[in-house]
Amino acid sequence: MGVLSGEIIKRRRDDIFESGYDEDCVDVAAYNLRIDDKKMVINGKLYNDDNPYDYRANEGFIKLPAKKISVVRTVEKLKLPPDLCARVGITFSYSRKGLIPLFGPQVDPRYNDHFYGVVYN
């Protein structure tokens with residue numbers, strides 16, 4: 001098992017992403033998936049195109065309530081080729097703030113959809 005460098009992710013972007021790819025999200029050895037603010041459930045409330053998340057009421061951030069489970073979806077739609085799996089996790093800075101992922105760390109080869117994450121804050 002190996003880790004793709006940022007340069008390889010850039011070269012293979014059409015193999016890995018069906019839509020939503022943004023080169024600004026490529027890191028040294030990772031791609032930082034983004035949360036789709038129109039496809040998430042926070043505190044039992046569904047946010048979608050008809051009910052967008054109100055950033056102004058939340059100081060410009062997506063705020064997850066304490067001691068609650070939330071469901072988020074990525075902007076990016078993956079289409080992993082047969083020779084790649086993806087490792088998904090959260091950064092240490094979010095872990096320090098109390099965010100706990102409730103999902104497995106691996107997305108299997110040939111996965112073709114947005115990534116959905118369940119998190120506990």
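Every value quoted in this text rests on a predicted model; they were computed, and no experiment measured them. Side chains are part of it too, since the values below use all heavy atoms of this structure and drop only hydrogens, waters and symmetry mates.
Between Val72 and Met40, the shortest heavy-atom distance links the atoms CA-CB, 4.1 Å. Nearest heavy atoms, Pro65 versus Ser70: CD-OG, 4.3 Å. Heavy atoms only, all atoms of each residue included: Val3 and Ala29 are closest at CG1-O, 3.7 Å.
Distance check: Ile62 CD1 to Ile35 CD1 gives 5.0 Å after rounding to the nearest 0.5 Å. The CD atom of Glu23 sits 11.0 Å away from atom CD1 of Ile9, with the distance rounded to the nearest 0.5 Å. Rounding to the nearest 0.5 angstrom, the gap separating the CD1 atom in Ile90 from the OG atom in Ser95 is 3.5 Å. How far OH of Tyr120 is from CG of Leu99: 11.0 Å, rounded to the nearest 0.5 Å. From Asn48, atom CG reaches atom CG of Asp36 across 10.0 Å, with rounding to the nearest 0.5 Å. The distance from the CG atom of Leu78 to the CZ atom of Arg110 is 15.5 Å, given to the nearest 0.5 Å.
Tested against Val71, the residues Leu46, Val119, Val41, Leu102 include a single side chain to side chain contact (heavy atoms under 4.5 Å, CB included) partner, Val41. Among the candidates Lys79, Lys77, His114, the single residue satisfying the side-chain hydrogen bond (donor to acceptor under 3.5 Å, both in side chains) test with Glu18 is Lys77.
Looking at residues two or more places apart in sequence or on another chain, you find a side-chain contact (heavy atoms from CB on, under 4.5 Å) between Asp54 and Arg56, Ala57.
Classification of Arg12 and Asp15 as a salt-bridged pair holds, one side-chain N sitting under 4.0 Å from a carboxylate O.
Of the possible donor and acceptor atoms, one in the side chain of Tyr31 sits under 3.5 Å from a partner among the backbone N and O of Asp22. Although no hydrogens or angles enter the test, the distance criterion places no donor-acceptor pair under 3.5 Å between the side chain of Asn58 and the main chain of Phe61. The backbone N or O of Lys10 sits less than 3.5 Å from a side-chain atom of Arg13, completing a donor-acceptor pair.
No side-chain heavy atom of Ile16 sits under 4.5 Å from any side-chain heavy atom of Glu76.
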* Check against side-chain contact (heavy atoms from CB on, under 4.5 Å), Leu64 and Ile42 -> CA-CA 7 Å; Leu64 303 178; Ile42 298 175; 3.7 Å; yes

* Step by step, work out the side-chain contact (heavy atoms from CB on, under 4.5 Å) result for Lys63 and Tyr53. => CA-CA 10 Å; Lys63 290 192 175 181; Tyr53 185 80; 3.8 Å; yes

* Asked: When you look at Tyr21 and Val26, which way does the side-chain contact (heavy atoms from CB on, under 4.5 Å) test go after all the steps?
  -> CA-CA 9 Å; Tyr21 171 83; Val26 178; 3.5 Å; yes

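In the hydrophobic clustering of ILVMFWY residues, with side-chain heavy atoms under 4.5 Å counting as a link, Val75 and Val88 come out apart. Linking ILVMFWY side-chain heavy atoms closer than 4.5 Å, directly or via other members, places Leu33 and Val118 in two distinct hydrophobic clusters.
Ring orientation note: the planes of Phe103 and Phe115 are nearly perpendicular, at an angle over 60° on the 30°/60° scale.
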